[in-house]
Amino acid sequence: MAYDEELAERIRELIVPGPELTERKMFGGLAFLIDGNMAVAASRQGGLLVRVGPDEGERLIGESVEPMVMGGREMVGWLYVAAAAVADEEILREWVERGVAYARTFPPKK
């Protein structure tokens with residue numbers, strides 16, 4: 001299944017374009033990277049993947065948010081936000097801003 005192109009467009013509208021922003025197809029979805037560091041992705045499951053601080057991830061898990069699991073393994077510092085939750089524009093904005101802010105804490109990749 002391909003990623004949700006409408007969700008990808010909504011993410012594009014929320015991230016300020018600039019030379020540090022790139023998009024790349026990854027994990028069956030479309031990832032948005034800041035200076036080469038993945039911030040968020042439109043998932044092939046229809047929701048949003050968000051990179052967060054490992055200490056913050058567990059605190060954010062809830063009804064529509066769960067740890068990202070890849071190959072049967074939980075990925076620390078990554079969350080999956082259900083499609084129904086990010087249908088709300090304000091909730092999507094909060095998650096995108098959270099992922100972008102965390103990605104900006106890393107040095108640029110070469």
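With respect to Pro67, the side-chain contact (heavy atoms from CB on, under 4.5 Å) criterion is satisfied by exactly one of Leu60, Val76, Ile61: Ile61. Checking each of Met68, Met26, Met75 against Leu49 for a side-chain contact (heavy atoms from CB on, under 4.5 Å) leaves exactly one that passes, namely Met68.
Looking at Leu14 and Glu97, their side chains never come closer than 4.5 Å, going by heavy atoms from C-beta outward. When side chains are defined from C-beta on, Arg98 counts as touching Glu56, because their heavy atoms get closer than 4.5 Å. At a threshold of 4.5 Å between non-hydrogen side-chain atoms, the residues Leu48 and Leu92 count as touching.
With sequence neighbours excluded, the residues satisfying side-chain contact (heavy atoms from CB on, under 4.5 Å) with Ala39 are Ile34, Val100, Ala103. Residues satisfying the side-chain contact (heavy atoms from CB on, under 4.5 Å) test with Glu5, not counting sequence neighbours, are Tyr3. Evaluation of the side-chain hydrogen bond (donor to acceptor under 3.5 Å, both in side chains) rule for Glu23 yields Arg12 as partners, not counting sequence neighbours.
Within a 6.0 Å radius of CD in Glu58, no more than 12 heavy atoms belonging to other residues, nucleotides or ligands are found.
The minimum heavy-atom distance between Trp95 and Val40, with the atom names listed, is O-CG1, 4.1 Å. Summarising the geometry of Arg44 relative to Gly28, their closest heavy-atom pair is CB-O, 3.2 Å, with the distance given to 0.1 Å. When all heavy atoms are compared, the tightest approach of Leu7 to Gly47 is CD2-O, 3.3 Å. Here the shortest heavy-atom pairing between Gln45 and Tyr80 reads O-OH, 3.6 Å. Between Val16 and Glu20, the closest heavy-atom pair is O-OE2, 4.4 Å. Considering all non-hydrogen atoms of both residues, Asp88 and Ile91 come closest at OD1-N, 2.9 Å.
Note that Arg24 lies outside the cation-pi zone of Phe32, set by a 6.0 Å cut-off to the ring centre and a 45° limit from the axis.
Checked for salt-bridge contact, Arg10 and Glu13 miss the test: no charged N lies under 4.0 Å from a carboxylate O.
Ser43 contributes atom OG, which lies 11.0 Å from atom CG of Leu30 (distance to the nearest 0.5 angstrom). In this structure, the separation between CD1 on Ile15 and CG on Leu21 is 5.5 Å, given to the nearest 0.5 Å.
Hydrophobic clustering keeps Tyr102 apart from Met38 (ILVMFWY residues linked when any side-chain heavy atoms are closer than 4.5 Å, directly or through intermediates).
For Asp35 (side chain) and Phe106 (main-chain N/O), no donor-acceptor pair under 3.5 Å exists by modelled atom type.
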